[in-house]
Amino acid sequence: MVENSEIETLNDICKEAKVQGKLLGKNLTDLFDLFGQRFTKALEALKENRVKKYIFKPRGKTVWIVVGRERDYLLMPEAEFCTCDDFYFRVLDRKIHMCYHLIAQKIARNLGWYDTIEENDDLYTTLMAEWKKATP
Ligand SMILES: [Zn+2]
């Protein structure tokens, strides 16, 4: 596991968790070893059901959000991108690879630990503007 990047390791663990339908004890240990506090925060977000998948109808655009303490964070999981400060300042600085929102979203998606919220396409632009506004 040492040679793997954070993302690869997380993807491997997620794959295993998906098959098991849960995170095993050793998964939790590995994730904590890998991410430390970031994993603790991700797990907290998962336990508090703060990962949301928005589907805009009828066009079917999908947006992932992690509800934070002060605001919502917009994620673009395909691009490994998040709108939080942690991501902006540290990931771009290459100090860390993933913020806790991205960790939480990956686990949530694989285990189905998220809420799906359906909105009308009319709201897409408004909500996206709101979510993007917070980007530094
Ligand atoms: Zn983030």
Side-chain angles (χ1 to χ4, degrees):
M1 240 183 224
V2 181
E3 297 295 309
N4 274 356
S5 75
E6 285 188 347
I7 292 169
E8 283 165 1
T9 307
L10 180 61
N11 283 339
D12 287 349
I13 293 173
C14 282
K15 248 183 254 166
E16 200 183 329
K18 194 176 182 174
V19 173
Q20 301 289 337
K22 63 181 175 186
L23 287 171
L24 301 174
K26 74 177 168 73
N27 297 145
L28 295 173
T29 313
D30 287 348
L31 287 167
F32 190 76
D33 285 349
L34 187 63
F35 296 112
Q37 280 307 307
R38 278 180 286 154
F39 178 59
T40 312
K41 288 172 87 174
L43 203 57
E44 222 172 75
L46 289 165
K47 280 184 182 156
E48 292 168 5
N49 213 17
R50 288 194 270 123
V51 182
K52 314 285 178 194
K53 181 186 187 181
Y54 279 78
I55 302 174
F56 291 90
K57 303 259 173 166
R59 282 190 305 159
K61 257 188 182 301
T62 299
V63 172
W64 289 87
I65 296 292
V66 175
V67 178
R69 301 270 178 245
E70 278 142 44
R71 63 178 180 90
D72 295 349
Y73 300 98
L74 171 67
L75 311 183
M76 293 168 196
E78 302 77 21
E80 315 286 357
F81 177 84
C82 181
T83 50
C84 70
D85 293 354
D86 210 27
F87 183 88
Y88 189 80
F89 291 113
R90 292 202 238 157
V91 178
L92 295 184
D93 239 11
R94 303 202 178 273
K95 278 186 198 149
I96 58 169
H97 298 129
M98 296 181 87
C99 62
Y100 85 87
H101 309 105
L102 283 167
I103 299 169
Q105 187 274 341
K106 267 191 197 294
I107 296 171
R109 194 189 54 198
N110 280 284
L111 289 169
W113 292 349
Y114 58 84
D115 283 343
T116 304
I117 299 165
E118 289 188 5
E119 290 286 5
N120 196 284
D121 278 337
D122 297 351
L123 273 174
Y124 180 79
T125 315
T126 317
L127 283 174
M128 285 300 276
E130 195 63 34
W131 288 323
K132 281 182 174 166
K133 199 167 59 185
T135 312

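Just so you know, ligand 1 is whichever comes first in the structure, and atom 1 is the first atom listed for that ligand.
For NZ of Lys41, the number of neighbouring non-hydrogen atoms (other residues, nucleotides, ligands) closer than 6.0 Å is 12 at most.
Inspection of the environment of the Zn ion (ligand 1) yields the following protein N, O or S atoms under 2.8 Å: Cys82 SG, Cys84 SG, Cys99 SG, His101 ND1.
Legend: residues meeting side chain to side chain contact (heavy atoms under 4.5 Å, CB included) with Asn27, ordered by chain and number and at least two apart, are Ile13, Glu16, Leu23, Leu24.
The six-membered or imidazole ring of Trp64 lies away from that of Tyr73, with a centre-to-centre distance of 6.0 Å or more. Taking the six-membered ring wherever Trp is involved, the centroid distance between the rings of Phe32 and Phe39 does not fall below 6.0 Å.
With contacts defined as side-chain heavy-atom distances shorter than 4.5 Å, the pair Glu44/Lys47 does not qualify. Side-chain contact check for Lys53 versus Asp115: every heavy-atom pair is 4.5 Å or farther apart.
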